[in-house]
Structures are given as structure tokens and as C-alpha cells.
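Each ligand, and each atom within it, is numbered from 1 in the order the structure gives. Since this is a predicted model, take the numbers as computed values, not measurements.
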Amino acid sequence: MSLDRELAAALAERRAQSRYRQRRVLGSAQGVSVIADGTPLVNFCSNDYLGLANNDHALAAMRRASETFGCGGGASHLVCGHSSEHHALEEELADFTGRDRALLFSTGYMANLGVIQALADRSSVVYEDKLNHASLLDGALLSRAKLQRYRHLGLDQLRQQLSTDSSSRKLIVSDGIFSMDGDAAPLSELAEVAEQHRAWLMVDDAHGFGCIGATGGGLAEMCGMTQDNLPILVGTLGKAFGSFGAFVAGSETLIESLIQFSRTYIYTTSIPPAVAAVSRANLQIIRTESWRREKLMSLVAYFRRACEAENIPIMLSSSPIQPVLIGEEKTALALSEYLREEGFWVGAIRPPTVPEGTSRLRITLCAEHSEAQVEQLVSALAIGWRKLGSIARDGSN
Ligand SMILES: *Cc1c(COP(=O)(O)O)cnc(C)c1O
């Protein structure tokens with residue numbers, strides 16, 4: 001069979017399962033009001049939770065830095081691509097997270113691949129929550145360690161798996177705020193389990209940083225986790241930070257080990273210095289403008305109350321990720337399409353991103369949304385859910 005014929009069969013199957021994914025072309029800056037495929041929409045699917053992806057302060061920083069440093073990073077950090085903007089950002093992130101040091105990676109995906117690959121090998125066991133982000137699961141596969149997955153938030157199962165493990169190196173890995181569910185990992189309990197079984201704990205709080213914790217330090221700050229009980233902390237800069245890139249924070253020895261052994265750190269070009277400058281500017285905003293988190297959390301509460309009043313099946317989450325559990329791929333897609341016709345952009349998340357039968361609308365809130373916009377979304381959602389959801393509930397589709 002030719003390449004195209006063989007691939008076309010898999011594509012046709014995806015389509016038949018209502019799992020086909022499509023891109024919309026954005027014709028405006030990121031924000032709550034966008035133009036997608038030429039149509040104005042109120043955006044409820046971005047990870048720009050604090051509304052920082054297009055702010056004047058960061059734009060000015062980007063301009064200033066690009067006048068000094070130009071456009072491209074030029075080389076990897078270890079060759080000649082490590083600028084003073086990168087360096088200052090690392091120092092500021094270390095201070096922000098209360099860790100000895102922080103190390104910049106080009107993306108969160110690469111940070112997770114590179115950290116697990118550097119810390120685990122064939123003789124190690126990596127324990128992961130079943131709902132961890134794909135990059136964490138892929139990191140374990142790349143490391144060639146034995147991968148043990150435990151039920152979502154399933155501490156008992158994790159304890160049980162660990163109790164029969166005699167390997168010398170054990171790594172427990174979890175999302176902080178889970179990306180498709182919005183719920184939180186029990187960090188203190190995970191740290192206790194790790195200590196009891198002499199395992200290392202790694203948490204990727206891509207969605208918690210900026211949004212929660214008194215100064216935006218994420219779930220780790222909220223749970224009071226220190227470098228001692230949470231030694232490997234990962235964050236991304238493309239979400240609430242409104243920028244691009246990622247970081248790992250931890251001890252001096254951890255960071256030096258990653259610089260020496262982490263392949264996705266060593267063998268890639270540094271992000272443009274002006275992008276690091278954007279992260280620095282937005283980190284300042286995150287640390288000082290707590291009103292953005294307060295506004296976001298009040299919108300979350302407002303959204304949940306409105307959904308409960310309309311019997312919309314929201315999932316248990318107190319983060320800005322507010323998924324509505326639909327079930328069938330087809331229904332989730334139809335609802336997302338209906339909302340788009342009503343002027344709202346909400347993504348339908350389907351397998352394999354989420355488990356079979358748990359297709360959902362992943363609604364995300366942003367500090368820049370107004371209560372009126374949230375109210376309008378919920379009204380449209382209530383009408384759509386009554387229309388399309390009832391078909392799914394009756395099983396007559
Ligand atoms: C988005 C995400 C990543 C990937 O980060 P990028 O910087 O976008 O590559 C990693 N982990 C989690 C939990 C995420 O949600």
C-alpha cells in the first residue's frame with residue numbers, strides 16, 4: 001500500500017469516531033475576544049488564565065529586549081545561546097518558587113521528557129497518575145524505566161505498588177492541577193508516601209502556577225511544599241505566564257544534573273531572549289497583581305453557581321479549568337459547534353486525550369472575562385445541553 005492510502009484509512013477511522021481534530025485560524029491576538037476563522041468569538045478555551053498573553057508591559061519588555069538581543073536564541077544554552085535575559089529569568093523563578101535554582105527549558109513538553117529521562121533509567125520505576133499529561137507519560141517511556149500507573153488520585157494503589165518495589169530508584173510523578181480535569185493532586189499526601197518509600201516526588205504544575213497560591217506560586221505554594229518534600233517542581237510559561245517556555249526548580253545538585261544529563265535541555269536551541277523578557281515582565285505582574293487571581297476565582301465561583309442552577313454537569317474543580325462532562329464524542333462536538341454558532345469558543349476534548357466515554361467541553365476562565373460573558377456562556381450552554389444532551393441521555397442518537 002502507498003503511504004497516503006495507508007494513512008488515509010487511519011484518518012477515516014478517526015473521523016468516523018468523531019475524534020478528528022481541526023485547527024481554527026486565529027486572526028487576532030490571544031485574549032477573551034478573538035477572531036477565529038474570520039468570526040469574532042468570546043474565547044473560553046485558552047490557557048491564558050490571567051490575560052497576560054497580550055499586555056502592554058510585556059510587549060514593551062519584548063521590544064526592549066529584542067533591540068538588545070535581536071530575534072533568535074542562536075544556539076543551545078551550553079553553546080552560546082544563554083543570554084542575560086535567560087539567566088535573570090532563572091534567578092527570578094528560583095526566588096519565586098523558593099528553590100535553590102531554576103532551569104529554563106524550551107517547552108513544558110521537553111522539560112518533562114528531559115527531567116524523567118535524566119533521573120530514571122532501566123533499573124528505575126516511575127509511578128504516574130493515570131490522568132497525567134502526555135509529556136509525563138512519554139518521559140517515562142523515553143527513560144526506559146518501568147512505568148506503573150495508578151488510578152487518578154489513587155494513593156492507596158500507589159502505596160500498594162510501592163510496597164512491593166525493591167528497585168533502587170523510584171520516581172513519583174504527578175500533574176499539580178490536572179490539565180483536562182481541573183482538580184488537584186494531594187501534594188502533602190504524595191510527599192508522605194514518597195518519604196515512606198524513599199521515592200522522589202516530581203510535580204508538573206503547568207496549570208496551577210500564576211492562578212493559585214497567595215503569590216501565584218501554584219499548588220506547591222498553596223500546600224506549603226518545600227524543596228525538601230517536593231524536590232522536583234516543573235512549571236510552564238506558556239499558560240498563565242502568557243509567554244512561552246518552561247522551567248524546572250529544585251536544588252543546586254538537581255539543576256546541575258539536568259544541565260549535564262538532560263537531553264532535551266542540551267540538544268536544543270534556547271528560546272528567543274525577548275521571549276524570556278516577556279516571562280520576566282509577566283512574572284512581576286503575577287507576583288504583584290493579586291487582583292487577577294481574585295477576579296479569576298470569583299468568576300470560577302460565579303460560573304459554578306450558574307451551571308448548578310441549570311443542571312449542567314460540571315466536574316469537581318475549583319481551578320480555572322471547568323470541564324463539563326458530556327460522555328459521547330459526537331455530543332461534545334455538537335455542543336462545541338452549537339456554542340460557536342452562539343459566539344463562544346469552547347473546545348471539545350475527546351479520546352485519546354481523555355478516557356473513553358468521558359468526552360467533555362473544557363471551559364477555561366480568564367481574569368479578563370466579565371461576569372456578563374460568563375452568564376451568557378452558561379445560558380447558551382444550558383439551551384444547548386437541553387437540546388443535544390437529552391439526545392445523548394436518551395441514547396437515541
Ligand atoms: C501544557 C502542559 C505541558 C506542556 O507545556 P508546553 O510548554 O505547552 O509544552 C506540560 N504539562 C502539563 C500538565 C500541561 O498541561
Side-chain angles (χ1 to χ4, degrees), residues 21 23 26 30 45-50 52-53 73 86 89-90 93 97 102-117 126 128-143 149 152-153 171-185 187 190 201-212 218-220 230 232-249 258 262-265 268-272 275-276 278-279 282-283 286 315 317 319-323 347 349 352-354 360 362-366:
R21 304 167 200 252
R23 305 171 306 172
L26 195 64
Q30 197 58 242
C45 56
S46 171
N47 297 321
D48 177 26
Y49 305 115
L50 299 176
L52 298 181
H86 297 113
L89 175 58
E90 287 183 343
L93 287 167
T97 54
L103 186 69
L104 277 182
F105 279 74
S106 291
T107 71
Y109 206 118
M110 291 169 71
N112 287 335
L113 291 186
V115 171
I116 301 175
Q117 166 266 317
V126 177
E128 299 215 22
D129 188 293
K130 279 202 172 155
L131 297 189
N132 274 357
H133 190 263
S135 57
L136 294 169
L137 298 165
D138 290 354
L141 296 177
L142 184 67
S143 75
R149 298 171 73 187
H152 182 46
L153 313 179
L171 184 63
I172 301 173
V173 180
S174 181
D175 275 27
I177 299 295
F178 284 84
S179 56
M180 296 299 134
D181 296 68
D183 54 355
L187 295 194
L190 281 172
L201 179 60
M202 167 177 177
V203 171
D204 169 11
D205 201 17
H207 298 274
F209 271 109
C211 299
I212 58 176
L219 197 60
L230 173 46
I232 310 155
L233 182 57
V234 180
T236 60
L237 301 169
K239 289 164 182 161
F241 272 84
S243 178
F244 183 75
F247 63 93
V248 181
L258 295 177
S262 177
R263 295 167 63 85
T264 60
Y265 180 76
T268 201
T269 303
S270 64
I271 58 172
V275 173
V278 170
S279 297
N282 285 344
L283 176 58
I286 284 173
M315 293 170 64
S317 158
S319 76
I321 302 167
Q322 289 292 324
I349 310 289
T353 304
V354 292
R360 65 199 66 178
R362 180 177 180 271
I363 292 169
T364 52
L365 297 170
C366 170

Answer yes if the ring centres of F178 and H152 are under 6.0 angstrom apart, and no otherwise. yes
Mind checking whether Y49 and F209 have ring centres under 6.0 Å apart? no
By number and element, which atoms of ligand 1 are closer than 4.0 Å to a non-hydrogen atom of T107? 7 (O), 9 (O)
Heavy-atom contacts with S135 under 4.0 Å: which atoms of ligand 1 show up? List them by number with element. 10 (C), 11 (N)
Quick check on contacts: which atoms of ligand 1 are under 4.0 angstrom from a heavy atom of S179? 15 (O)
In the protein, which heavy atom is nearest to atom 12 (C) of ligand 1, and how far is it? D204 OD2, 3.2 Å
Donor-acceptor check, side chain of S143 to backbone of Q117, threshold 3.5 angstrom: yes or no? no
Taking 4.0 angstrom as the limit and counting only heavy atoms of G108, give me the atoms of ligand 1 inside it, by number and element. 4 (C), 5 (O), 6 (P), 7 (O), 9 (O)
Can you figure out which of F241, Y109, F178 has its heavy atom closest to atom 9 (O) of ligand 1? Y109
Could you name the option among K239, M180, H207, M110 that has the heavy atom nearest to atom 2 (C) of ligand 1? K239
Enumerated ligand 1 atoms positioned under 4.0 Å from heavy atoms of N112: 10 (C), 11 (N)
Please determine whether side chain to side chain contact (heavy atoms under 4.5 Å, CB included) holds for the pair T353 and R21, giving the CA-CA distance in whole Å, both sets of side-chain angles, and the decisive distance to 0.1 Å. CA-CA 11 Å; T353 304; R21 304 167 200 252; 3.2 Å; yes
Under the 3.5 angstrom rule, does the side chain of T269 hit a backbone N or O of G73 as a donor-acceptor pair? no
So OG1 of T236 and CG of D204: to nearest 0.5 Å the spacing works out to 7.0 Å
Looking at D183, is its backbone amide N or carbonyl O close enough to the side chain of D181 to form a donor-acceptor pair, meaning the two atoms are under 3.5 Å apart? no
Numbered atoms and elements of ligand 1 in range of D175, under 4.0 angstrom, heavy atoms: 13 (C)
contact_flag A246 ligand 1 heavy-atom lt 4.0 Å: no
